[in-house]
Amino acid sequence: MKLGAAILTIIALASVPLWLRDPYLMNALITTGIFIIGAMSLNLLLGFTGQLSLGHIAFFGIGAYVSALTSLGFDIGLPGGFRIVHDPWPPIAGFLLAIIVAGLCGYLVGLLSFRVRGAYFVIVTISFAEVVRLVALNWIELTQGPLALTNIPSITIGLPELGSLTLRTKLQNYYLVLAVAVAAYVLISRLVHSHFGRAMRGLMENETLAVSVGIDVTKTLTLAAVISAGIAGAAGSLYAHYIRIIDPEVFAFINTVTMVIMVITGGKGSLFGPVIGGMIFGLLPVFLRPIMAPEAQWIAYGGVLIVILFVLPRGIVPSLAQRFAKRWNRSPAAGPVTFSERDAKEPA
Amino acid sequence: MASPATALKVEQVAVHFGGLVALSDMNFSVGEGEIVSLIGPNGAGKTTAFNVVTGFLESTHGSVSYRGTVLNGLRPHQIADLGLIRTFQRTSVFPNDTVYDNLLVGLHRQGRVSLFEAILGLPRARSSQRRLRERASELVEWVGLERRAHDLAGLLSYGEQRLVGVALALAAEPSMLLLDEPVSGMNASETHTFVQLIRNIRDRGVTVLLVEHDMPMVMSVSDRIVVLNYGRIIAEGPPDVIRNDPAVIEAYLGQGATRA
Ligand SMILES: Nc1ncnc2c1ncn2[C@@H]1O[C@H](COP(=O)(O)OP(=O)(O)O)[C@@H](O)[C@H]1O
Ligand SMILES: [Mg+2]
């Protein structure tokens, strides 16, 4: 995206709280924003390396738990009579640890699965998410199991000279999420435009050719997995400190599916795709809830998904970009107008 | 003329696919700066030899070394990192990228900056990006695809895609280039340009190992020729000798010709 368009988008998003006062809608926007960050991280893998992480919510949930436990403190017994006692740290430390621990988990999953890829990666990630869910459910001394971790403190940001600010209100959390989302967007954008990103793209398009020019498959994919998992962990941390209560349900498979849908409808491999897809599927419940039972809502999501992919098969952003490119770029001199017009109308 | 230092050395290499012997007891070497051609009828084992040398296939027996480094057990990208770069017999490009972007991917070995420099957009990363773009433009020009630079590689003609494949290999800055039937699918004038290109590449100090069926081209461009038949080397020598070697003539023309 061009710099001007990017700045306009950020200004538009930043101005939303100025006219939107409804706390219910603000809440929906904040959780949507958090999920968009998760979807962006998933897109880094799915869209730019072609690897489908069907346990992506694991990194998000790990980030949430690590951040919550870091800021709440814990006292656990280990076999052999050892105890680990951790006093509460500031939530911002939890946020950083969430990124690091989730990133390490991404590294492990990558190491386990990237020698044999494709379906194998899908299975390893699903299993990983299930294992982590079971740990969160059963290690009650650490996680409270199904009773949930409660009273998670809000994030406090310390500004030198100005003292510190605890982000309790929806308004504050909205800007926090927006800031992290912009940072994640810039990071992913820089990454995919660097030679790391070109290596990812090369591997996705033609692996044999890519390795023949010196691209290291395992290293490239593992790097993508680490960064993707780290960003998902950051989103999880934001979630924990905003909602302030988390239980093992955060690891539910349906949450991964939601992120996958966001990425695919928005357009995988497009930087802005997950933002659009995320807004649609993050905010759809707001409009459907008053008029539909929860089960019917899922059917409606499915319907919306199918319609979008039928009309814009490559996802909203890439398909529209392609159409606009055809409309505007092809001057009459470059080719018969009728041809490009016919092309632009074809849904293929 | 003193013989040049050995660049590539293939010793006693054998490759079996189940019961099929694709290569047996293959021995040959290529000197620094030489253009050596590996020829032989279809199925003789030429591509298999390339696959072994570049790490895409593990040999059943024998060893390969490049500039003193043993290549057995190395992965393809590690061998590429030693400067040993190949092209593929079947067209191989990044089809959904432009020609220019293809070359940027090919320039991977030249573009390495640390992750932090890349993400933070530090000056070194920026200047590296700028150099890569310049180099990509140069390469596009060098293989004569300027007019196609911003078209998707997958939409190019067969001959043009072959050129992209070579440009990609050159982008990886080879010290030795292995070309697998580079002119198949090219017309006469494209082939002619290509021969100039190979000579140019060699003049830059790059060693070349060529697999090709176009005999006039092979004869005109090679310093030495290695002839393979049914996985065995049946002759080796300069073009003039190979041209008149009875075993080679027999292998190429087949039994039908000798009986006639
Ligand atoms: N991966 C493989 N599995 C089984 N057989 C193979 C494989 N690759 C090549 N071969 C066989 O090995 C022989 C040599 O093939 P190849 O090296 O491609 O020949 P050339 O390149 O000289 O035409 C052929 O008989 C071919 O069918
Ligand atoms: Mg072959």
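Note that the coordinates shown come from a computational prediction; the quantities given were computed from them, not determined experimentally. Below, read A as the first sequence line, B as the second, and so on, with proteins coming before strands; counting in each chain starts at 1.
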Can you check whether R86(B) reaches V213(A) side chain to side chain, under 4.5 Å on heavy atoms? no

Could you tell me which non-hydrogen atom of H193(A) sits nearest to which non-hydrogen atom of Q129(B), and how far apart they are?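 What the structure gives for the nearest pair is O-NE2, 3.4 Å.
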
Which atoms form the tightest heavy-atom contact between F196(A) and L115(B), and what is the distance?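 So the two residues come closest at CE1-CA, 3.6 Å.
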
Which one wins on heavy-atom pair count under 4.5 Å against chain A: [options]?
options: A80(B), G165(B), S92(B); result: S92(B)
options: L168(B), V105(B), L132(B); result: V105(B)
options: D101(B), V113(B), L82(B); result: V113(B)

Test: salt bridge (Lys or Arg N to Asp or Glu O under 4.0 Å). Region: residues 213-236 of chain A. Which pairs qualify, not counting sequence neighbours?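 Listed by first then second residue: D216(A)-R75(B).
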
Once rounded to the nearest 0.5 Å, what's the spacing between atom [atom1] of [X] and atom [atom2] of [Y]?
X: R201(A); Y: L104(B); atom1: CZ; atom2: CG; value: 11.5 Å
X: E205(A); Y: D97(B); atom1: CD; atom2: CG; value: 4.0 Å
X: L209(A); Y: F94(B); atom1: CG; atom2: CZ; value: 4.0 Å
X: T218(A); Y: H77(B); atom1: OG1; atom2: NE2; value: 6.5 Å
X: R198(A); Y: N102(B); atom1: CZ; atom2: CG; value: 12.0 Å
X: L178(B); Y: S212(A); atom1: CG; atom2: OG; value: 11.0 Å

Whether over 12 other heavy atoms sit under 6.0 Å from [X] [atom1]:
X: F56(B); atom1: CZ; answer: yes
X: Y158(B); atom1: OH; answer: yes
X: R199(B); atom1: CZ; answer: yes

Using the test side chain to side chain contact (heavy atoms under 4.5 Å, CB included), find all partners of T191(B) that sit at least two apart in sequence or belong to another chain.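 Listed in chain order: V183(B), M186(B), D214(B), M217(B).
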
Measuring heavy-atom distances to chain B, does I227(A) have an atom under 4.5 Å in its side chain, in its backbone, in both, or in neither?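 The answer is the side chain of I227(A).
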
With a 4.5 angstrom heavy-atom cut-off, is it the side chain or the backbone of S189(A) that approaches chain B, or both, or neither? neither

Top contributor to chain B contacts, counting heavy-atom pairs under 4.5 Å, from L223(A), V217(A), V211(A), I215(A):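 Looking at each option in turn, the highest pair count goes to I215(A).
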
Against chain A, label T54(B) side chain, backbone, both or neither, depending on which of its atoms sit under 4.5 Å from a heavy atom there. neither

Side chain from CB out, backbone as N, CA, C, O: work out which of these in R90(B) comes under 4.5 Å of a heavy atom of chain A, or both, or neither.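 Neither part.
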
Contacts of residues 117-124 of chain B with chain A (heavy atom under 4.5 Å): A118(B), I119(B), L120(B), G121(B)

For chain A, which residues of residues 140-151 of chain B have heavy atoms nearer than 4.5 angstrom: none

Please check: side-chain N/O of N206(A) versus main-chain N/O of V93(B), any donor-acceptor pairing under 3.5 Å? yes

